[in-house]
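The structure appears below as structure tokens.
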Number of protein chains: 2
Amino acid sequence: MNFTTSEENYIKCIYHLQQETGLVNTNALAGEMRTRPASVTDMLKKLKAKKLLQYERYKGFTLNEAGKKAALGVIRKHRLWEYFLAEVLKFDWDKVHPIAEELEHISNDELIQRLDKFLGNPSFDPHGDPIPDKNGKIPVRNQLVLSDVPVKKTVTVSAVSNQTVQMLEMLKHYQIALGTPLQVLQKFAFDGSLEIKVAKQAPCIISEQVAKNVFVHYEL
Amino acid sequence: MNFTTSEENYIKCIYHLQQETGLVNTNALAGEMRTRPASVTDMLKKLKAKKLLQYERYKGFTLNEAGKKAALGVIRKHRLWEYFLAEVLKFDWDKVHPIAEELEHISNDELIQRLDKFLGNPSFDPHGDPIPDKNGKIPVRNQLVLSDVPVKKTVTVSAVSNQTVQMLEMLKHYQIALGTPLQVLQKFAFDGSLEIKVAKQAPCIISEQVAKNVFVHYEL
DNA sequence: ATATTTTTTTAGCTTTGTCTAAATTTTAAT
DNA sequence: ATTAAAATTTAGACAAAGCTAAAAAAATAT
């Protein structure tokens with residue numbers, strides 16, 4: 001099945017919303033898509049006609065299996081391009097998203113297959129989000145928030161949820177990047193701050209606020 | 001100035017046509033764009049309104065300076081992506097064009113600047129066509145057809161005009177690729193065939209028909 | 001249980017890029 | 001110099017994707 005750019009954007013957006021809320025409603029989708037509820041209704045009819053979602057008027061909607069598969073295809077393309085932009089072209093993490101939004105709509109299976117191979121079949125994009133494989137299978141990772149990591153445990157940075165310039169500036173100062181190994185040495189109950197060892201550097205202290213925005217993972 | 005995908009396609013196409021014919025006419029453009037003359041007229045009005053071409057009804061048209069600059073921008077993107085697809089993702093030459101047709105419309109200056117740098121600021125694409133620089137300057141190359149190369153001269157393969165599967169098969173057999181050094185040893189007047197030395201291999205003979213489709217260049 | 005508010009849909013309009021068919025202009029031919 | 005042919009443009013439609021304003025349905029509150 002072939003989709004327009006607009007259809008792909010809706011499908012992807014519905015997918016993300018239904019991950020959170022199950023049934024998706026018109027207003028929420030309109031908000032997320034930065035469009036009007038009336039436009040959403042129009043598109044829902046098209047997507048229903050293409051048998052990508054279960055939808056009855058006034059009742060909310062969800063992607064069916066075909067819809068989810070289509071969504072994962074788009075997400076796969078998006079995240080592979082993000083990986084390419086960050087790792088190959090050396091863009092900052094916070095710049096890759098809008099460009100990947102455009103690249104993701106280029107439809108050529110061999111292109112994606114070759115890009116994937118060239119990048120070394122990555123499992124996670126530069127934001128730490130999983131890259132579905134060609135069959136739509138999503139890799140899993142034992143991911144948790146740094147503030148929840150038990151003392152002494154060694155983990156690896158896998159994602160950062162707050163990607164403001166301010167946050168990136170802090171992380172740069174601490175020399176924390178994706179893939180950086182960390183060990184939690186001590187937790188201070190007073191303000192929730194953590195003493196951590198970043199890679200092989202001297203221990204340092206980070207605030208709870210920062211720790212809550214850093215995602216880490218561990219093997220097995 | 002910002003252009004739609006369709007505008008960019010027209011601009012690029014007009015540019016190529018006016019390289020050959022000077023003044024471009026509606027039917028020729030419609031043929032090249034695989035659309036109808038009426039559609040061309042519609043677009044010409046839009047492009048004229050955007051001050052990209054000189055056009056008066058029934059009189060033919062040409063891109064003005066702004067139009068040429070826009071065209072060269074699209075051509076630059078197209079050829080950089082072709083280079084990427086062939087050299088980095090290892091696509092065959094004859095597969096890259098349609099994909100580059102899609103990629104060329106992604107508009108992000110930093111993307112193109114970084115792609116260019118990553119590729120090593122190439123001057124020619126995998127078809128041997130020059131890649132305009134960011135200012136629209138087109139590199140030149142002392143290019144000629146292999147059949148016109150004087151005896152004993154050493155040259156480098158820069159392009160192949162006939163890119164059918166049959167031709168590529170022949171070239172593969174002779175181990176001739178872009179960048180391959182060649183020396184013309186002898187020309188046979190009887191049928192115009194050439195004895196050439198390909199790289200460091202033993203001399204071989206190619207037909208005039210093949211030689212007429214292989215472009216080569218030399219330094220200085 | 002009814003009234004009010006919120007959500008969703010419908011109806012009708014806009015823009016972009018395309019089309020067909022008809023009209024017009026230019027070019028070529030007798 | 002007309003007439004025939006070819007090229008070009010206009011006029012009017014259509015599909016995609018969006019919008020506004022109004023209607024309809026569902027949810028909520030009294």
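Chain A is the first sequence line, chain B the second, and so forth, proteins listed ahead of strands; every chain is numbered from 1. Hydrogens, waters and symmetry mates play no part in the numbers below; they use all other heavy atoms, side chains included.
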**Pairing of A:Arg114 and A:Glu110 as salt bridge, 4.0 angstrom limit** =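 A salt bridge is present here (some side-chain N lies under 4.0 Å from a carboxylate O).
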**Message:** Please determine whether a side-chain nitrogen of the Lys or Arg among B:Glu8 and B:Lys12 lies less than 4.0 Å from a carboxylate oxygen of the Asp or Glu.
**Reply:**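 No, B:Glu8 and B:Lys12 are not salt-bridged.
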**Asked** Taking the six-membered ring of B:Tyr15 as reference, does the NZ or CZ atom of B:Lys68 fall below 6.0 Å from its centre and within a 45° cone about the axis?
**Response**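 Checked: cation-pi criterion not met.
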**Asked** NA contact type, B:Phe61, heavy-atom cut-off 4.0 Å: base, sugar-phosphate, or nothing?
**Response**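 Contact class for B:Phe61: none.
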Using a 3.5 Å cut-off and no angle test, enumerate the donor-acceptor pairs between side-chain atoms of residues 129-141 of chain B and protein atoms at least two apart in sequence or in another chain.
residue, atom, partner, partner atom, Å
B:Asp133, OD1, B:Asn135, N, 2.8
B:Asp133, OD1, B:Gly136, N, 3.0
B:Asp133, OD1, B:Lys137, N, 2.9

**Prompt:** What do the steps show when you test A:Glu104 against A:Arg76 for salt bridge (Lys or Arg N to Asp or Glu O under 4.0 Å), and what is the final call?
**Reply:** CA-CA 8 Å; A:Glu104 75 189 6; A:Arg76 169 170 164 77; over 6 Å; no
**Prompt:** Does a distance-only test, which skips hydrogens and angles, find a donor-acceptor pair under 3.5 Å between the side chain of A:Tyr58 and the base of C:dT7?
**Reply:**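 No.
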**Atom CD of A:Gln19: over 12 foreign heavy atoms under 6.0 Å** =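 Check passes, neighbour count above 12.
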**Message:** Going by the rule ring-ring contact (aromatic ring centres under 6.0 Å, His included), which residues pair with B:His97 if we only count those two or more places apart in sequence or in a different chain?
**Reply:**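 B:His97 satisfies ring-ring contact (aromatic ring centres under 6.0 Å, His included) with B:His78 only.
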**Message:** Which residues pass the ring-ring contact (aromatic ring centres under 6.0 Å, His included) test with B:Phe84, not counting sequence neighbours?
**Reply:**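 B:Phe84 satisfies ring-ring contact (aromatic ring centres under 6.0 Å, His included) with A:Phe84, B:Trp81 once adjacent residues are dropped.
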**Prompt:** Rounded to the Å, how far apart are A:Lys45 NZ and C:dT10 C1'?
**Reply:**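 Atom-to-atom, A:Lys45 to C:dT10, this comes out as 7 Å.
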**Prompt:** Is there a salt bridge (Lys or Arg N to Asp or Glu O under 4.0 Å) between B:Glu101 and B:Lys77 once you walk through the steps?
**Reply:** CA-CA 9 Å; B:Glu101 284 293 294; B:Lys77 290 190 280 178; over 6 Å; no
**Fill in**
Each nucleotide of nucleotides 13-19 of chain C classed B (base within 4.0 Å of a protein heavy atom), S (only sugar-phosphate) or -, in 5' to 3' order, makes ---SBBB
**Request:** For C:dT7, take OP1 and OP2 only and decide whether either is under 4.0 Å from a side-chain N or O of A:Lys59.
**Result:**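 No, A:Lys59 has no side-chain N/O under 4.0 Å of OP1/OP2 on C:dT7.
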**Message:** Tell me whether the side-chain N/O atoms of A:Tyr55 come closer than 4.0 Å to OP1 or OP2 in C:dT9.
**Reply:**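 For C:dT9, OP1/OP2 do have a side-chain N/O of A:Tyr55 under 4.0 Å.
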**Asked** Any chance the side chains of A:His217 and A:Gln143 put a donor and an acceptor closer than 3.5 Å?
**Response**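 Distance-only check fails for A:His217 and A:Gln143.
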**Asked** Going by number, which of residues 12-32 of chain B have a non-hydrogen atom under 4.0 Å from DNA chain C?
**Response**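 Here the set is empty: none.
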**Prompt:** A:Lys45 side chain to A:Val40 main-chain N or O, any donor-acceptor pair under 3.5 Å?
**Reply:**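 The answer is no, because no donor-acceptor pair under 3.5 Å joins these two groups.
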**Request:** Considering only heavy atoms of chain B and a distance under 4.0 Å, specify the first and last nucleotide of DNA chain D in 5' to 3' order that meet this criterion.
**Result:**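 Here the contact window of chain B covers D:dA7 to D:dT10.
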